[in-house]
Amino acid sequence: MTESKEAVRGEMDPAWHLMPEDQADRVFGQDMCDIDPTFLGFTDIYLALSHIIPTHWTVVDLGCAYAPQAHIFKNHKAYIGVDASDCERFSAPNTTHYRMTIAEFIEHHAGALNLDQTFAICSYVPPWYGADNLRLARENFKNVFTYYPAGTLQEFVKWRQPITGERE
Ligand SMILES: C[S@@+](CC[C@H](N)C(=O)[O-])C[C@H]1O[C@@H](n2cnc3c(N)ncnc32)[C@H](O)[C@@H]1O
């Protein structure tokens with residue numbers, strides 16, 4: 001646990017309680033892993049979305065990274081994680097992982113989905129692998145959440161301060 005992450009969160013990640021211990025050991029034990037129990041990723045966003053996405057829908061997580069959010073959506077019809085990186089990821093019984101770019105997933109697999117009952121999430125995903133990934137998500141899914149932060153660190157600290165208690 002790094003000091004800076006402790007300072008920002010001051011406690012465990014809000015989704016930490018959902019992580020099976022054996023999977024946490026497997027994911028955290030890999031080389032160069034940059035998440036830990038205080039910061040699993042931007043799980044606040046996934047937790048919020050889990051309350052508004054119907055549980056009989058499929059969730060497609062474009063740029064899922066280590067996919068701790070697989071456990072946030074474990075009661076949904078299916079959770080599909082898509083990421084080009086080669087790493088150990090979290091998985092629930094309804095999880096399928098695709099190790100490929102978002103553009104490749106859309107080209108080869110999106111056609112098999114019922115888009116009326118599929119919700120795509122593309123959150124904190126930079127324009128890597130030569131693609132504007134947020135635009136791809138918006139153009140190919142009708143139910144979709146895309147987000148990438150912009151602004152100064154000071155503005156973000158001020159915005160989060162009431163929740164996290166961190167200092168400006
Ligand atoms: C900052 S992480 C975000 C993880 C997660 N979405 C979250 O909000 O916690 C960005 C992830 O996007 C993935 N990524 C970036 N461009 C991609 C692309 N074109 N296709 C697939 N994955 C991509 C990276 O490999 C990385 O795991």
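In each ligand, atom 1 is the first atom listed, and ligand 1 is the first ligand listed.
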Under a heavy-atom criterion of less than 4.0 Å, does Phe105 contact ligand 1? no
Ligand 1 atoms in contact with Ser85 (distance to a heavy atom under 4.0 Å): 25 (O)
Does the residue Ala131 have a heavy-atom contact with ligand 1, meaning some pair of atoms that are separated by less than 4.0 Å? no
Got an N/O contact under 3.5 Å between Ile102 and ligand 1? yes
For Val125, is the nearest heavy atom under 4.0 Å from an atom of ligand 1? yes
Using a 4.0 Å cutoff against the non-hydrogen atoms of Gly41, which atoms of ligand 1 qualify? 9 (O)
Can you pull out the closest protein heavy atom to atom 3 (C) of ligand 1? Residue, atom name and distance to 0.1 Å, please. Tyr124 O, 3.5 Å
From CA spacing to verdict: ring pair (Phe, Tyr, Trp, His ring centres under 6.0 Å), Tyr124, Tyr147: CA-CA 6 Å; Tyr124 280 87; Tyr147 173 68; 5.4 Å; yes
Starting from atom 4 (C) of ligand 1, locate the nearest protein heavy atom and write down its residue, its atom name and how far away it is, to 0.1 Å. Gly63 O, 3.4 Å
Rounded to the nearest 0.5 Å, the CZ atom of Arg135 sits from the SG atom of Cys122 at a distance of 11.5 Å
Protein heavy-atom partner closest to atom 8 (O) of ligand 1 - residue, atom, separation in Å: Ser123 O, 3.3 Å
Give the numbers and elements of all ligand 1 atoms closer than 4.0 Å to a heavy atom of Ala65. 4 (C), 27 (O)
Among all the protein's non-hydrogen atoms, which is closest to atom 9 (O) of ligand 1, and how far away is it? Phe42 N, 2.9 Å
Among all protein non-hydrogen atoms, which one is nearest to atom 18 (C) of ligand 1, and what is the separation to 0.1 Å? Tyr129 CD1, 3.4 Å
Candidate list Asp13, Leu18, Ile35, test side chain to side chain contact (heavy atoms under 4.5 Å, CB included), partner Thr43, passing option: Asp13
Considering heavy atoms of the protein only, find what lies nearest to atom 27 (O) of ligand 1 and give residue, atom and distance to 0.1 Å. Asp83 OD2, 2.8 Å
Is there a heavy atom of Met100 sitting under 4.0 angstrom from any atom of ligand 1? yes
In the protein, what heavy atom is nearest to atom 21 (C) of ligand 1, and what distance, to one decimal place, separates them? Ala84 N, 3.4 Å
